[in-house]
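So you know, we letter chains A, B, ... as the sequences are listed, proteins then strands, and number each from 1.
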Protein chains: 2
Amino acid sequence: MTLDIGTRLRAVREARGLSQRELASRAGLTNGTISMIEQNKTSPSVASLKSLLDALPMPLSDFFADVEEQAVPKYFYAPDEFTELSPQEAGFGGGAARVSLRQLGNASSHTIQMLHEVYPPGADTGPEMLRHAGEEAGVVIAGIVEVTVADQVRVLNPGDGYLFDSTLPHRFRNIGAGDCVIVSACTPPTF
Amino acid sequence: MTLDIGTRLRAVREARGLSQRELASRAGLTNGTISMIEQNKTSPSVASLKSLLDALPMPLSDFFADVEEQAVPKYFYAPDEFTELSPQEAGFGGGAARVSLRQLGNASSHTIQMLHEVYPPGADTGPEMLRHAGEEAGVVIAGIVEVTVADQVRVLNPGDGYLFDSTLPHRFRNIGAGDCVIVSACTPPTF
DNA sequence: CCGATGTGTTCAATTTACTGAACGCAGTTT
DNA sequence: AAACTGCGTTCAGTAAATTGAACACATCGG
């Protein structure tokens with residue numbers, strides 16, 4: 001989401017019938033600064049923004065309540081825009097190997113969670129089986145992974161997939177020589 | 001003036017069980033910055049604060065206001081066990097190009113539908129935009145695809161992803177020289 | 001006991017926000 | 001018309017936020 005503080009601020013300022021200079025003097029800032037902010041050429045500090053809103057006046061929560069509604073929705077993500085989830089939060093307690101779990105977007109505001117997962121050789125989600133609400137599915141892109149679901153164990157190769165209810169105890173182990181890459185999806189997001 | 005965002009940020013961060021470094025890496029900032037902010041030694045820019053809250057996640061306004069049942073359930077699928085969806089069934093009416101949409105499992109008995117999609121060069125879901133209930137997300141594995149969602153158009157390369165509400169009109173076009181491979185997920189399954 | 005890993009803090013260097021004084025433009029006033 | 005008054009924008013310089021690499025302090029395993 002690219003949040004548009006500039007137009008939001010301008011809208012509020014003009015609704016009060018204030019010029020940039022008037023608002024600037026009340027807030028203890030300069031008109032130039034306000035101009036830059038309204039054009040989204042800079043991202044003001046919280047302190048500066050609070051000064052401006054105090055001078056209007058308007059609470060920060062109200063200001064952002066509207067800003068987030070007007071925010072431009074984000075549909076596309078470059079590789080570096082995936083958010084890396086820490087192993088701990090993903091449910092991997094004392095895992096020795098480092099697993100990369102890169103999430104697509106901000107799952108808290110969606111009903112679906114998609115992950116780009118990379119397991120180094122030997123990586124294991126651990127003998128303690130994972131369990132959580134929802135369903136999960138995935139496709140193996142590269143490498144070899146042994147997946148355990150309930151009482152079933154299976155070795156999956158590139159092109160293979162899986163699909164099961166997440167409340168069933170499950171476990172992933174990379175038993176190949178190289179990295180194992182999986183693209184998976186969960187619903188609802190697990191936190 | 002106070003506006004103690006430092007202790008507020010620390011409270012939410014610790015509530016999530018995250019260290020300063022973990023949060024920093026997710027938000028694309030450094031641990032030092034978070035330390036300074038939490039001690040109120042600096043006033044973060046709105047852009048920085050939003051990055052931090054997105055990684056938690058939490059909206060700015062909140063921050064500021066205070067399978068089908070079988071005898072034996074099937075969890076694993078070999079590549080030839082994916083069910084090929086006919087273009088028509090997938091919503092492609094008179095599409096000239098042949099698109100491969102291979103579905104993992106029997107989606108009607110699940111809340112999640114995962115597809116392994118292959119688009120030949122020039123493939124297009126058509127100028128009539130698709131619309132259906134639910135959300136969909138995907139990761140590009142190979143090739144180059146142009147995706148249109150509502151009024152946004154974007155060219156996605158391997159490693160890129162997408163995530164949007166399926167009620168928004170959308171369209172996929174393979175604009176590369178080779179096949180385009182995408183692994184996607186929808187919720188709920190679209191039929 | 002010591003090395004390895006974890007935490008949060010500190011500080012010089014860099015990037016960025018902000019200042020202060022310009023600028024150009026549109027109405028009014030003389 | 002020229003001179004004023006108001007508006008928002010631009011720009012070099014300054015102040016502050018942010019980085020990146022240290023630091024000190026804990027906990028854990030050999």
What is the distance, to the nearest angstrom, from the [atom1] atom on [X] to the [atom2] atom on [N]?
X	N	atom1	atom2	result
A:N40	D:dT9	CG	C1'	15 Å
A:L9	C:dA17	CG	P	15 Å
B:E38	C:dT7	CD	P	13 Å
B:Q20	D:dT19	CD	P	13 Å
A:I37	D:dG8	CD1	P	14 Å
A:L23	C:dT19	CG	C1'	16 Å
B:K50	D:dA17	NZ	C1'	20 Å

Does the [X] side chain pair with the main chain of [Y], one donor and one acceptor, at a distance under 3.5 Å?
X	Y	value
A:R13	A:L18	yes
B:D160	B:V140	no
A:D179	A:V118	no
A:N31	A:S35	no

Would you jot down, in residue-number order, the residues of residues 24-34 of chain A having a non-hydrogen atom under 4.0 Å from DNA chain C? A:G28, A:L29, A:T30, A:T33
Lys/Arg-Asp/Glu bridge criterion (N-O < 4.0 Å) met for B:K50, B:D54: yes
I want to verify a distance call: between D:dT18, C:dT7, C:dT9, whose nearest atom is closest to the B:S45 side chain? D:dT18
Is B:M36 reachable from B:L53 through a run of I, L, V, M, F, W or Y residues, each pair having side-chain heavy atoms under 4.5 Å apart? no
Determine whether B:V139 and B:I175 fall in the same hydrophobic cluster, where Ile, Leu, Val, Met, Phe, Trp and Tyr are linked whenever their side-chain heavy atoms lie under 4.5 Å apart. no
Using a cut-off of 4.0 Å on non-hydrogen atoms, how would the nucleic acid contact of B:Q39 be classed: base, sugar-phosphate, or nothing? sugar-phosphate
At 4.0 Å (heavy atoms only), tell me whether A:S35 reaches a base, stays on the sugar-phosphate, or touches nothing. base
Are any of [X]'s side-chain N or O atoms less than 4.0 Å away from OP1 or OP2 of [N]?
X	N	answer
A:K41	D:dT10	yes
A:R10	D:dT9	yes
A:S43	C:dA17	no

Is any side-chain N or O of B:R21 under 3.5 Å from a base N or O of C:dG6, one able to act as donor and the other as acceptor? no
